[in-house]
Amino acid sequence: MESTTQNYANQGRSSYYLSIPLYLILTLVTFGIFNLYWNYRQMEACNGLLKRVEFRFGYWILFTLLTCGIYHIFYQYKMGAAIVELQRNYNKAVFDALPVISVVVTVLGLSIVVDCIHQHEINKLVS
């Protein structure tokens, strides 16, 4: 576990900045398949910025499939909470409502909008 944490500590923050329009278009063109990669990149960004392993892509896929998507709602809440924690850690403007908004918008079936919001907040942290 320590080597994984050390790998996150050594990765540059600028590698976490992603183009929202590009990733959104690629997600739409691939009928959502690219979104799996986008979520992976967001998990890596949060893990790296937190300097700990908070998210595991394999677990997310497995539990989301086993719960018919319900775990994804919890994941969106957790990702929002992690971003709020990072905003506090990096002394940035804090979007306190992000976890709850993430859940509500995901339940409404607009998970891709939540991914855009999360990426926007991550981009603000690393730029």
Side-chain angles (χ1 to χ4, degrees):
M1 183 73 96
E2 186 177 321
S3 65
T4 304
T5 305
Q6 191 172 11
N7 288 343
Y8 286 128
N10 294 333
Q11 191 165 358
R13 285 177 37 178
S14 64
S15 66
Y16 303 135
Y17 188 96
L18 302 175
S19 169
I20 296 168
L22 175 64
Y23 276 54
L24 183 59
I25 289 168
L26 289 171
T27 296
L28 295 173
V29 168
T30 62
F31 301 102
I33 296 171
F34 187 80
N35 190 254
L36 296 172
Y37 177 70
W38 192 359
N39 276 276
Y40 168 77
R41 291 288 308 267
Q42 289 181 343
M43 288 178 204
E44 289 295 304
C46 281
N47 286 343
L49 292 169
L50 289 167
K51 295 180 179 63
R52 67 174 188 263
V53 180
E54 184 74 22
F55 301 99
R56 289 187 167 85
F57 183 75
Y59 289 171
W60 169 69
I61 289 282
L62 177 65
F63 293 139
T64 297
L65 290 173
L66 289 175
T67 62
C68 299
I70 294 172
Y71 182 78
H72 182 67
I73 297 168
F74 172 69
Y75 157 76
Q76 293 287 43
Y77 177 86
K78 230 178 126 175
M79 178 65 73
I83 292 170
V84 168
E85 179 183 342
L86 287 166
Q87 290 169 336
R88 286 193 175 98
N89 292 349
Y90 287 91
N91 295 320
K92 300 285 186 172
V94 178
F95 186 5
D96 280 319
L98 183 59
V100 174
I101 289 172
S102 299
V103 168
V104 171
V105 175
T106 299
V107 168
L108 293 173
L110 298 170
S111 185
I112 193 168
V113 172
V114 176
D115 292 334
C116 291
I117 295 168
H118 287 173
Q119 192 60 56
H120 176 70
E121 296 300 323
I122 292 168
N123 287 350
K124 287 192 320 189
L125 285 167
V126 298
S127 58

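Please read all numbers here as calculations on a predicted model, not as lab measurements.
- For the pair Arg56/Met43, no side-chain contact is recorded, criterion being any heavy-atom separation below 4.5 Å from C-beta on.
- Put simply, the side chain of Arg41 does not reach to within 4.5 Å of the side chain of Gln119, judged on heavy atoms.
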Q: Apply side chain to side chain contact (heavy atoms under 4.5 Å, CB included) to Leu24 and Cys116, showing your working.
A: CA-CA 8 Å; Leu24 183 59; Cys116 291; 4.0 Å; yes

Q. Do His118 and Leu98 pass the side chain to side chain contact (heavy atoms under 4.5 Å, CB included) test, and can you show the C-alpha distance, the side-chain angles, and the key distance before you say yes or no?
A. CA-CA 8 Å; His118 287 173; Leu98 183 59; 3.9 Å; yes

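- Counting only heavy atoms from C-beta outward, the side chains of Val126 and Ser14 never approach each other to under 4.5 Å.
- Contact of the Leu86 side chain with the Cys46 side chain is registered, since non-hydrogen atoms from C-beta on lie closer than 4.5 Å.
- The backbone N or O of Phe95 sits less than 3.5 Å from a side-chain atom of Gln87, completing a donor-acceptor pair.
- Nearest approach of Pro99 to Gly80, heavy atoms of both residues: CG-C, 3.7 Å.
- Between the CG atom of Leu36 and the OG1 atom of Thr64 there is a distance of 9.5 Å, given to the nearest 0.5 Å.
- Rounded to the nearest 0.5 angstrom, Phe57 CZ and Asn47 CG are separated by 12.5 Å.
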Q. Hey, mind stepping through Lys92 and Lys124 against side chain to side chain contact (heavy atoms under 4.5 Å, CB included) and telling me if it holds?
A. CA-CA 8 Å; Lys92 300 285 186 172; Lys124 287 192 320 189; over 6 Å; no

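- Among Tyr40, Trp38, Tyr17, the single residue meeting the ring pair (Phe, Tyr, Trp, His ring centres under 6.0 Å) criterion with Tyr23 is Trp38.
- Tyr77 and Tyr59 are not part of a single hydrophobic cluster, where members link through side-chain heavy atoms under 4.5 Å apart.
- Placement of Val103 and Ile83 in two distinct hydrophobic clusters is found when ILVMFWY residues are connected by side-chain heavy-atom separations under 4.5 Å, directly or transitively.
- Remark: side-chain polar atoms of Asp115 are not paired, donor with acceptor, to backbone N or O of Asn35 under 3.5 angstrom.
- Hydrophobic clustering, with ILVMFWY side chains joined whenever heavy atoms are under 4.5 angstrom apart, groups Leu66 together with Tyr71.
- Here the side chains of Leu108 and Val113 are not in contact, with every heavy-atom distance at 4.5 Å or above.
- When side chains are defined from C-beta on, Phe63 does not count as touching His72, because their heavy atoms never get closer than 4.5 Å.
- Hydrophobic clustering places Val105 together with Leu28 (ILVMFWY residues linked when any side-chain heavy atoms are closer than 4.5 Å, directly or through intermediates).
- Going from atom OG of Ser111 over to atom OH of Tyr75 covers 8.5 Å, rounded to the nearest 0.5 Å.
- In this structure, CD on Glu44 lies 11.0 Å from CG on Leu49, to the nearest 0.5 angstrom.
- The CD1 atom of Ile33 sits 10.5 Å away from the OG1 atom of Thr27 when rounded to the nearest 0.5 Å.
- In this structure a side-chain-to-backbone donor-acceptor pair under 3.5 Å is missing from Gln76 to Val114.
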Q) side chain to side chain contact (heavy atoms under 4.5 Å, CB included) between Leu125 and Glu121: does it pass, once the steps are laid out? A) CA-CA 6 Å; Leu125 285 167; Glu121 296 300 323; 5.7 Å; no

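- Ile112 contributes atom CD1, which lies 10.0 Å from atom CG of Asn39 (distance to the nearest 0.5 angstrom).
- In the hydrophobic cluster analysis, where Ile, Leu, Val, Met, Phe, Trp and Tyr join through side-chain heavy atoms closer than 4.5 angstrom, Ile117 is grouped apart from Val100.
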